[in-house]
Amino acid sequence: MRIQALDKARGVVLIIMAIDHAKEMIGKNIKFSGEFWNRNFPFYEDSFLFFTRLITHICAPSFAFMMGLSMILLTHSNKTKWQDEVKLWKYFCLRGFILILFEYLIFAPIWSFVFKDPSIVFRFAVISMLGSLMILISFLVKRHWSIQVIVMLLSIFIPPFFFSTGELDAKNINFLLNILFVPDGNYFIYAIFPYIGIGILGLLFGKILIKKEKIAFTLLPILGIIFISLFIFSRLIGSVYFNLKSLVSLSDSHWWSFFYMIKYPPSLTYLLFTLGIFFILFSLIYFIDKFTTNKIIIVSKFLDVANVYGKSTFFFYAMHLIILCLLGVLILDILKWSSISDIAYGWIIALIILYPLCKWYRDFKKKKNENSLWRML
């Protein structure tokens with residue numbers, strides 16, 4: 001079972017993600033990131049720069065949600081072939097392991113070059129986090145929905161307690177805590193929790209979608225509005241449980257500081273805001289694609305481009321890092337340009353180059369046998 005709107009939503013999120021990485025690789029001299037629980041928050045003096053960062057916050061939670069959704073849709077499509085649950089586990093565990101392998105063998109050297117590390121630093125970043133989620137969630141795909149709900153709630157609401165006690169010391173955190181709950185910001189950028197809960201939420205949404213597609217996408221924007229309302233409420237309360245830091249340390253004189261949130265690991269306010277925005281965006285794409293695409297030509301063309309990116313997600317990720325890295329050398333290191341407009345040009349050029357490449361890869365992958373490793377990438 002394939003939902004066109006899912007590929008298009010994934011493509012839109014990839015385009016947004018590329019904004020952030022263009023700033024990483026072309027605008028290295030501009031401070032714009034680093035919302036870690038154990039560091040001083042990077043306050044923004046420029047509203048435009050901040051909002052280009054804010055919009056990209058939706059990417060990681062969106063990918064986790066869409067991963068869970070894709071897993072249940074793929075399981076439904078292969079329900080005859082995967083009656084034996086061991087086959088399902090083997091498929092998703094292999095696919096998850098490949099993601100982790102690529103993170104450490106391919107992407108780690110690229111990011112080490114970007115950050116000018118003296119040697120290659122192997123970081124547990126977004127791709128290895130998503131690969132880990134795929135492996136772990138595979139053991140929950142065929143469980144009863146009640147078990148999935150319990151695991152989801154525990155995964156999301158227990159991690160903030162580590163921070164609300166005020167006794168967390170980065171120096172005394174071991175490997176297990178780093179990878180599961182509390183990233184150190186050096187070798188661990190993302191933690192498995194609470195993202196696994198977001199992946200399970202996507203899985204549960206997929207169960208509803210398979211039975212009642214229209215109802216699922218009618219409920220999604222309502223859930224999005226509820227999440228954004230809860231974000232406002234939790235931000236006003238200002239407790240460490242919701243924000244992972246005191247409100248004083250997340251505020252400055254600018255009005256947009258209301259949207260300052262801890263991303264590493266994701267605070268509840270961060271998850272409520274980003275998922276709320278994504279749910280509204282996803283449902284909007286679904287209804288445009290379903291009912292009005294042919295009437296709005298510009299939107300139709302944009303979503304067609306996003307669809308190509310969304311059907312070659314992993315390839316897009318790998319190639320956009322390489323292309324942006326090369327553009328960074330050209331624009332920043334050789335031409336010495338690093339303004340916001342230069343970053344925007346680099347981002348647009350990268351997307352233009354990526355379109356025919358992703359289109360080629362999408363067609364190449366289609367020709368491969370369903371058991372081919374290429375179909376997993």
F50 six-ring face occupied by R53 cation (under 6.0 Å, within 45°) = no

Side chain to side chain contact (heavy atoms under 4.5 Å, CB included) with I200: which of M152, R143, M71?
-> M152

Which heavy-atom pair separates Q83 from K79 by the least distance, and what is that distance?
-> CG-O, 3.2 Å

Co-membership, hydrophobic cluster, residues I285 and I16, 4.5 Å side-chain | yes

Specify the closest pair of heavy atoms between A18 and L351, including all atoms of both residues, with the distance to one decimal.
-> CB-CD2, 4.4 Å

Show the numbers, then the answer: is there a side chain to side chain donor-acceptor pair (under 3.5 Å) between S312 and K365?
-> CA-CA 9 Å; S312 50; K365 194 165 65 168; over 6 Å; no

Going by an N to O cut-off under 4.0 Å, is there a salt bridge joining D7 and R10?
-> yes

Step through it carefully: locate the ring centre of W37, locate the ring centre of Y264, and say whether they are under 6.0 Å apart.
-> no

D363 and K311, any side-chain heavy atoms less than 4.5 Å apart | no

Ring pair (Phe, Tyr, Trp, His ring centres under 6.0 Å) between F205 and F65: does it pass, once the steps are laid out?
-> CA-CA 9 Å; F205 173 76; F65 180 87; 5.7 Å; yes

Taking the side chain from H254 and the backbone from W256, do they hold a donor-acceptor pair closer than 3.5 Å?
-> no

Any side-chain heavy-atom pair of F302 and V12 under 4.5 Å = yes

Using side-chain contact (heavy atoms from CB on, under 4.5 Å) as the criterion, list what pairs up with I158, not counting sequence neighbours.
-> L154

Close aromatic pair by centroid cut-off 6.0 Å: F41 and F36 = no

Would W82 and F92 count as a ring pair (Phe, Tyr, Trp, His ring centres under 6.0 Å) if you check the C-alpha gap in whole Å, the side-chain angles of each, and the deciding distance to 0.1 Å?
-> CA-CA 11 Å; W82 288 350; F92 286 125; 5.5 Å; yes

What class does the angle between the rings of Y195 and Y190 fall in, given that below 30° is parallel, 30 to 60° is tilted and above 60° is perpendicular?
-> tilted

Would you please say whether a donor-acceptor pair under 3.5 Å links the side chains of T75 and K142?
-> no

Going from CE on M25 to CD1 on I343, what distance comes out if it is rounded to the nearest 0.5 angstrom?
-> 12.5 Å

Step by step, would you call F115 with W111 a ring pair (Phe, Tyr, Trp, His ring centres under 6.0 Å)?
-> CA-CA 6 Å; F115 295 139; W111 284 115; 5.5 Å; yes

So do the side chains of L203 and M67 get within less than 4.5 Å of each other, counting heavy atoms only?
-> no

Does E35 pair with K245 as a salt bridge, N-O distance under 4.0 Å?
-> no

Can you check whether L271 reaches P194 side chain to side chain, under 4.5 Å on heavy atoms?
-> yes

Could you tell me whether the side chain of R95 reaches within less than 4.5 Å of the side chain of I98, counting heavy atoms only?
-> no

Dump the intermediate steps for ring pair (Phe, Tyr, Trp, His ring centres under 6.0 Å) on Y187 and F124, then the final yes or no.
-> CA-CA 6 Å; Y187 301 103; F124 189 84; over 10 Å; no

Does the side chain to side chain contact (heavy atoms under 4.5 Å, CB included) test come out yes or no for I262 and N243, once each step is laid out?
-> CA-CA 7 Å; I262 298 300; N243 296 278; over 6 Å; no

Report yes if the side chains of Y361 and M319 come closer than 4.5 Å at any heavy-atom pair, otherwise no.
-> no

Closest non-hydrogen atoms of S138 and L88, given as atom of the first, atom of the second and distance, are O-CD2, 3.4 Å

Ring centers of F227, F273 separated by less than 6.0 Å = no

Mind checking what makes side-chain contact (heavy atoms from CB on, under 4.5 Å) contact with Y241, not counting sequence neighbours?
-> F157, P160, F161, S164, S239, L268

Salt bridge D117-R123, side-chain N to carboxylate O under 4.0 Å = yes

Hey, quick one: are L236 and L247 part of the same hydrophobic cluster, counting side-chain heavy atoms closer than 4.5 Å, chains of contacts allowed?
-> no

Minimum heavy-atom distance between A216 and I208, given as atom pair plus value = CB-CG2, 3.9 Å

Could you state whether V305 and I298 fall into the same hydrophobic cluster, counting links through intermediate Ile, Leu, Val, Met, Phe, Trp or Tyr residues with side-chain heavy atoms under 4.5 angstrom apart?
-> no

ILVMFWY network linking I280 to L220, side-chain heavy atoms under 4.5 angstrom = yes

Aromatic ring pairing F193/F181, orientation class (parallel under 30°, perpendicular over 60°, tilted between) | parallel

Is there a donor-acceptor contact under 3.5 Å linking the side chains of Q4 and K290?
-> no

Taking atom types as modelled and ignoring hydrogens, do the side chains of Y260 and D252 form a donor-acceptor contact shorter than 3.5 angstrom?
-> yes

Would you say N78's side chain and K81's backbone share a donor-acceptor pair under 3.5 angstrom?
-> no

Would you please indicate if the ring centroids of F233 and F242 are separated by under 6.0 Å?
-> no

Contacts of L219 that satisfy side-chain contact (heavy atoms from CB on, under 4.5 Å) - sequence neighbours left out = I215

Would a line drawn from the ring center of Y44 to the ring center of F51 be shorter than 6.0 Å?
-> no

Answer yes if the ring centres of Y270 and F231 are under 6.0 angstrom apart, and no otherwise.
-> no

Would you check if Y91 and L74 make a side-chain contact, meaning some heavy-atom pair closer than 4.5 Å?
-> yes

Say whether, by atom type as modelled, one donor and one acceptor occur between the side chain of W360 and the main chain of Y355 under 3.5 angstrom.
-> no

What is the ring orientation for F175 with F188, classed by angle as parallel under 30°, tilted 30 to 60°, or perpendicular over 60°?
-> perpendicular

Indicate yes or no: does E85 engage K90 in a salt bridge with an N to O separation below 4.0 Å.
-> no

Can you see which heavy atom on L327 is nearest to which on G346, and at what distance?
-> CD1-O, 3.4 Å

Gap separating the CD1 atom of I55 from the CD1 atom of I19, nearest 0.5 angstrom | 5.5 Å

Looking only at non-hydrogen atoms, find the nearest pair between A9 and F278 and report the distance.
-> CB-CE1, 4.4 Å

Among the clusters formed by ILVMFWY side chains lying less than 4.5 Å apart, do I150 and I192 turn up in the same one?
-> no

Side-chain donor or acceptor of S112 paired with backbone N/O of V121 under 3.5 Å | yes

Heavy-atom side-chain contact between L250 and M261 under 4.5 Å | no

